[in-house]
Asker: 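Handing you a structure now.
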2 protein chains.
Amino acid sequence: MSDDSAINPPARLRALISWQASKVNTVGSRLTAARMPLTARADFAVLAALEEGGTISQADLGRRLGLDRNDVNSVVNRLHEGGYLRRETDPTDRRRNIVTLLDAGRTYLEDLQSLTEIVQAELAANLTAAEAEQLRALLAKLLQAHPALPS
Amino acid sequence: MSDDSAINPPARLRALISWQASKVNTVGSRLTAARMPLTARADFAVLAALEEGGTISQADLGRRLGLDRNDVNSVVNRLHEGGYLRRETDPTDRRRNIVTLLDAGRTYLEDLQSLTEIVQAELAANLTAAEAEQLRALLAKLLQAHPALPS
DNA sequence: GGGTTATGTTGGCCTAGCCAACGTTGGTCA
DNA sequence: TGACCAACGTTGGCTAGGCCAACATAACCC
């Protein structure tokens, strides 16, 4: 079998955290796509932010999630059309749309949580629990030094 | 300053390796884009594979890099038009295009290597050298359990 | 009261990953 | 040998994601 040698990526790439992260991201997308529509990832992010943050504006959602305003907008549109959240203009600041999680959104969130946990387990299948925790800690520490949004 | 609390992503997301990897990938893209055109990443991958693997076919390139055949094709097109590599049909198997790195490709590769190292340092700015090495090892171990390509 | 800033919204661009289909070529096996 | 099957390169297209620009409205500041 020459599979192993053929599949091995070049050392110059294996040395790059950015390349590895890109590949982990790709594998995660594939595992996710096997269990839910890909757009459910963004849904999950917004729902989780609402569940944790309560009623917040779309702009705040974007800042917490590291998403652009217009991208938040399209996700909120989708979730609103699905009846998962309520969207109303903030009476104290009429520029803002404040968004509130509805009960349907909570159940949707928990459904996605279950599927997500399966995907995480598959993704980290080769790691012990301690290694997975270490990996999360290192990734978090790396991310801590960088802004969630470009500007 | 309510920045810290506002910027913090929800715990449900922080617990996901896939979400963290996606964010690291995004940050890496941003840092990369500040130093080179984004397409140079794919160039770098192909050039590195050629430098390490010698003369190989496009299909082999795809397998080593985890890229789809048509994506390899477009990168090879770009590099060929730039005069960085030679592309000829394999005399022993006329289905294949075998691709060879040229001198211009080597210098281009080294140029990208320099820029890439800067980006890696910026990306891992918050990690010690030991932590960065640990992170690379954990990501590699995670990736080991997954195929580079879907099918 | 005038300029600046934040917000939501629309529209668009590019990269990346993926899939389908086609013609060509090589391999298999009946 | 001939007929099917697999691999390859190539073209074309789809989706998601990250990003930017522009606009109107609304709040803020001095």
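Predicted model, so just to flag it, every value in this text is computed and none were measured. Chain letters run A, B, ... following the sequence lines, proteins first and then strands; every chain starts at 1. The basis for the numbers below is simple: all heavy atoms, side chains too, and nothing from hydrogens, waters or symmetry mates.
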Asker: Would B:Asn8 and B:Arg14 count as a side chain to side chain donor-acceptor pair (under 3.5 Å) here? Give the steps.
Answerer: CA-CA 9 Å; B:Asn8 260 0; B:Arg14 269 181 286 131; 5.3 Å; no

Asker: If I take atom CG in residue A:Asp90 and atom P in nucleotide D:dC28, what distance separates them, rounded to the nearest angstrom?
Answerer: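 Roughly 11 Å, once rounded to whole Å.
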
Asker: Can you tell me how far P of D:dT15 sits from CZ of A:Arg41, to the nearest Å?
Answerer: 15 Å

Asker: Nearest to the side chain of B:Thr39 - C:dT15, C:dG8, C:dG17?
Answerer: C:dT15

Asker: Between B:Arg136 and B:Glu133, does any NZ, NE, NH1 or NH2 come within less than 4.0 Å of an OD or OE carboxylate oxygen?
Answerer: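 A salt bridge links B:Glu133 with B:Arg136.
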
Asker: Please work out if B:Asn97 contacts a base, only the sugar-phosphate, or nothing of the nucleic acid, heavy-atom cut-off 4.0 Å.
Answerer: sugar-phosphate

Asker: Would you say A:Arg96 and A:Gln58 are linked by a side-chain donor-acceptor pair, where the criterion is simply a distance under 3.5 Å?
Answerer: no

Asker: Under 4.0 Å from any atom of DNA chain D, heavy atoms only: list the residues of residues 20-33 of chain B that qualify, in numerical order.
Answerer: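 Listed by number, they are B:Ser22, B:Thr26, B:Arg30.
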
Asker: Is the backbone N or O of A:Leu123 less than 3.5 Å from a side-chain atom of B:His146, with the two atoms forming a donor-acceptor pair by type?
Answerer: yes

Asker: Of B:Ala42 and A:Ile98, whose nearest nucleotide on DNA chain C comes first from the 5' end?
Answerer: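 Per heavy-atom nearest nucleotide, the more 5' residue is A:Ile98.
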
Asker: Using atom CD1 of A:Ile56 as one end and atom P of C:dG8 as the other, report the distance to the nearest whole Å.
Answerer: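 Interatomic distance, CD1 of A:Ile56 to P of C:dG8: 11 Å.
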
Asker: With rounding to the nearest 0.5 Å, note down the distance linking CG in A:Leu65 to CG in B:Leu13.
Answerer: 6.5 Å

Asker: Does the side chain of A:Leu50 reach to within under 4.5 Å of the side chain of A:Thr100, using non-hydrogen atoms?
Answerer: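 In short, these two side chains do not touch, never coming nearer than 4.5 Å.
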
Asker: Would you indicate what A:Arg69 reaches in the nucleic acid, counting non-hydrogen atoms under 4.0 angstrom: base, sugar-phosphate, or nothing?
Answerer: base

Asker: Counting only side-chain N and O atoms of A:Asn73, is one of them less than 4.0 Å from OP1 or OP2 of C:dG8?
Answerer: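 The answer is no; no side-chain N or O of A:Asn73 sits under 4.0 Å from OP1 or OP2.
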
Asker: How about B:Arg41 and B:Ser29: does a side-chain donor come under 3.5 Å of a side-chain acceptor?
Answerer: yes

Asker: Taking for each residue the nucleotide of DNA chain D bearing the nearest heavy atom, is the 5' side occupied by B:Ala59 or by A:Leu38?
Answerer: B:Ala59

Asker: What is the distance from CG of A:Leu61 to C1' of C:dT9, rounded to the nearest Å?
Answerer: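 Checked: the CG to C1' distance equals 16 Å.
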
Asker: Does B:Arg35 pair with B:Glu122 as a salt bridge, N-O distance under 4.0 Å?
Answerer: yes

Asker: What's the CG-P distance between B:Asn77 and D:dC8, to the nearest Å?
Answerer: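 Atom CG in B:Asn77 sits about 18 Å away from atom P in D:dC8.
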
Asker: Apply side chain to side chain contact (heavy atoms under 4.5 Å, CB included) to the pair A:Val27 and B:Leu143, showing each step before the final yes or no.
Answerer: CA-CA 8 Å; A:Val27 172; B:Leu143 286 171; 4.3 Å; yes

Asker: Send over the distance from A:Arg63 CZ to C:dT7 C1', rounded to a whole Å.
Answerer: 9 Å

Asker: Less than 4.0 angstrom from a charged side-chain N to a carboxylate O is my criterion; do B:Glu52 and A:Arg12 meet it?
Answerer: no

Asker: Using the 3.5 Å cut-off, write out each protein N or O paired with an N or O of nucleotides 24-26 of chain D and the distance between them.
Answerer:
from, atom 1, to, atom 2, distance (Å)
D:dA26, OP1, A:Arg94, NH2, 3.2

Asker: Roughly, in whole Å, what's the span from CG in B:Asp71 to P in D:dG13?
Answerer: 16 Å

Asker: Hey, is the side chain of B:Gln58 poking within less than 4.0 Å of OP1 or OP2 on D:dA7, counting only N and O atoms?
Answerer: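 No, B:Gln58 has no side-chain N/O under 4.0 Å of OP1/OP2 on D:dA7.
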
Asker: How do B:Thr92 and A:Ser57 order along DNA chain C: which one's closest nucleotide is nearer the 5' end?
Answerer: A:Ser57

Asker: Grab the CG-C1' distance between B:Asp68 and D:dA7 for me, whole Å please.
Answerer: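 Going from CG in B:Asp68 over to C1' in D:dA7 covers 14 Å.
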
